[in-house]
Amino acid sequence: MSELFIVEVAGLQHVHFAETICSEMEASARARGTGIAKRSPDYVKQKMLEGKAVVALTKEGKWAGFCYIESWEHGKYVANSGLIVAPDFRKSGLARLIKKKIFDLSRQKYPEAKIFGLTTGLAVMKINSELGYEPVTYSELTQDDEFWKGCKSCVNFEILMSKDRKNCMCTAMLYDPAEKKQQEEKKPGFAFGKKAGIIERLNRIKQSVFLDFLKLKKA
């Protein structure tokens, strides 16, 4: 699988893919019925030029996937955002390759930062878990208002605000390098199976949140 793609840190030579990347992000969010923070082609280009993005290409040079880094609270928190895989290459394992590359880039650029993400997809949760992320409450994420403004383009934004940014339909996951070091010293090989139960409980909570929200809408 890895021999089919080139996954590398994006640069000047990739900026011409920015329009395509943004279009696919928007189309993917629409198809899922969920939202992600909308980004302009100029923003994507900026991330590429800063060396804070990863791009995946086929051996023939066709664009196949993308992800970028955002930082909050002076680098205390980092998010790997905008993960997108071109429709022709989905379910090929490429998302896992991109996530691994952007995670390694984040650790290199921000070695002390807590890396977090919000997702509704079980597949992404599993990849995150393999990288060492753990499910957490929203209170453990950055509280920077600029980050949460990015949720305004999500169809579930009303739910998020009705819960005072404490819960929503997405599952929050966090990689804490300091905590991870302690875990590895005490109990190496912390498996996904143990965390899967936590994810399942979080998803049940989210279902309850959604049902409560629907009741409020009907009232």
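For this chain, numbers begin at 1 and follow the sequence in order. Note that this is a predicted model, so its numbers are computed, not measured.
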Checking [X] side chain against [Y] main chain: does a donor-acceptor pair fall under 3.5 Å?
X	Y	answer
Asp164	Lys166	no
Lys47	Ile69	yes
Arg39	Tyr43	no
Ser129	Lys126	no

Nearest non-hydrogen partners of [X] and [Y], listed with the distance:
X	Y	result
Gly51	Val9	O-CG1, 3.9 Å
Asn167	Lys163	O-CB, 3.6 Å
Ala113	Pro177	O-CD, 3.1 Å
Pro111	Gln108	CD-O, 3.8 Å
Phe103	Leu131	CZ-O, 3.6 Å
Gly82	Tyr68	CA-CE2, 3.8 Å

Is there side-chain contact between [X] and [Y], with heavy atoms separated by less than 4.5 Å?
X	Y	answer
Glu112	Lys76	no
Leu160	Cys151	yes
Ile115	Tyr133	yes
Met48	Leu12	no
Val7	Leu94	yes
Arg107	Tyr175	yes

side-chain contact (heavy atoms from CB on, under 4.5 Å) between Met173 and Met125: does it pass, once the steps are laid out? CA-CA 8 Å; Met173 299 191 76; Met125 291 180 208; 3.9 Å; yes
Output the distance between atom [atom1] ([X]) and atom [atom2] ([Y]), rounded to the nearest 0.5 Å.
X	Y	atom1	atom2	answer
Cys67	Leu97	SG	CG	12.5 Å
Glu73	Thr142	CD	OG1	3.5 Å
Glu50	Lys109	CD	NZ	8.5 Å
Met169	Leu118	CE	CG	13.0 Å
Ser106	Asn80	OG	CG	3.5 Å
Ile159	Cys168	CD1	SG	5.5 Å

Under 3.5 Å, is there a donor-acceptor pair between the Lys52 and Tyr110 side chains? yes
Ignoring hydrogens and angles, state whether a donor on the side chain of Asn128 or Lys99 is under 3.5 Å from an acceptor on the partner side chain. yes
Using the rule side chain to side chain contact (heavy atoms under 4.5 Å, CB included), only one of Val54, Val44, Ile98 pairs with Phe66; which is it? Val44
Decide salt bridge (Lys or Arg N to Asp or Glu O under 4.0 Å) for Asp104 and Lys100; before the verdict, give the C-alpha distance in whole Å, the side-chain angles of both, and the deciding distance to 0.1 Å. CA-CA 6 Å; Asp104 290 344; Lys100 178 65 167 63; 2.7 Å; yes
Hey, are Lys45 and Glu19 close enough for a salt bridge, meaning a charged N less than 4.0 Å from a carboxylate O? no
Between the side chains of Lys101 and Glu8, is the shortest nitrogen-to-carboxylate-oxygen separation below 4.0 Å, so that they form an ion pair? no
Might you work through the side-chain contact (heavy atoms from CB on, under 4.5 Å) test for Met25 and Ser81, ending with a clear yes or no? CA-CA 11 Å; Met25 283 181 180; Ser81 303; over 6 Å; no
Stepwise side-chain contact (heavy atoms from CB on, under 4.5 Å) test for Arg90 and Ile84: CA-CA 9 Å; Arg90 288 170 189 167; Ile84 187 70; 3.7 Å; yes
Ring-ring centroid check Trp148 Tyr138, cutoff 6.0 Å: yes
Before giving the answer on salt bridge (Lys or Arg N to Asp or Glu O under 4.0 Å), spell out for Asp145 and Arg165 the whole-Å C-alpha distance, their side-chain angles and the decisive distance to 0.1 Å. CA-CA 10 Å; Asp145 289 338; Arg165 298 193 326 202; 3.0 Å; yes
Derivation and outcome, side-chain contact (heavy atoms from CB on, under 4.5 Å), residues His16 and Trp63: CA-CA 10 Å; His16 63 284; Trp63 175 75; over 6 Å; no
Among residues at least two apart in sequence or on other chains, which ones pass ring pair (Phe, Tyr, Trp, His ring centres under 6.0 Å) with Phe147? Trp72, Phe116
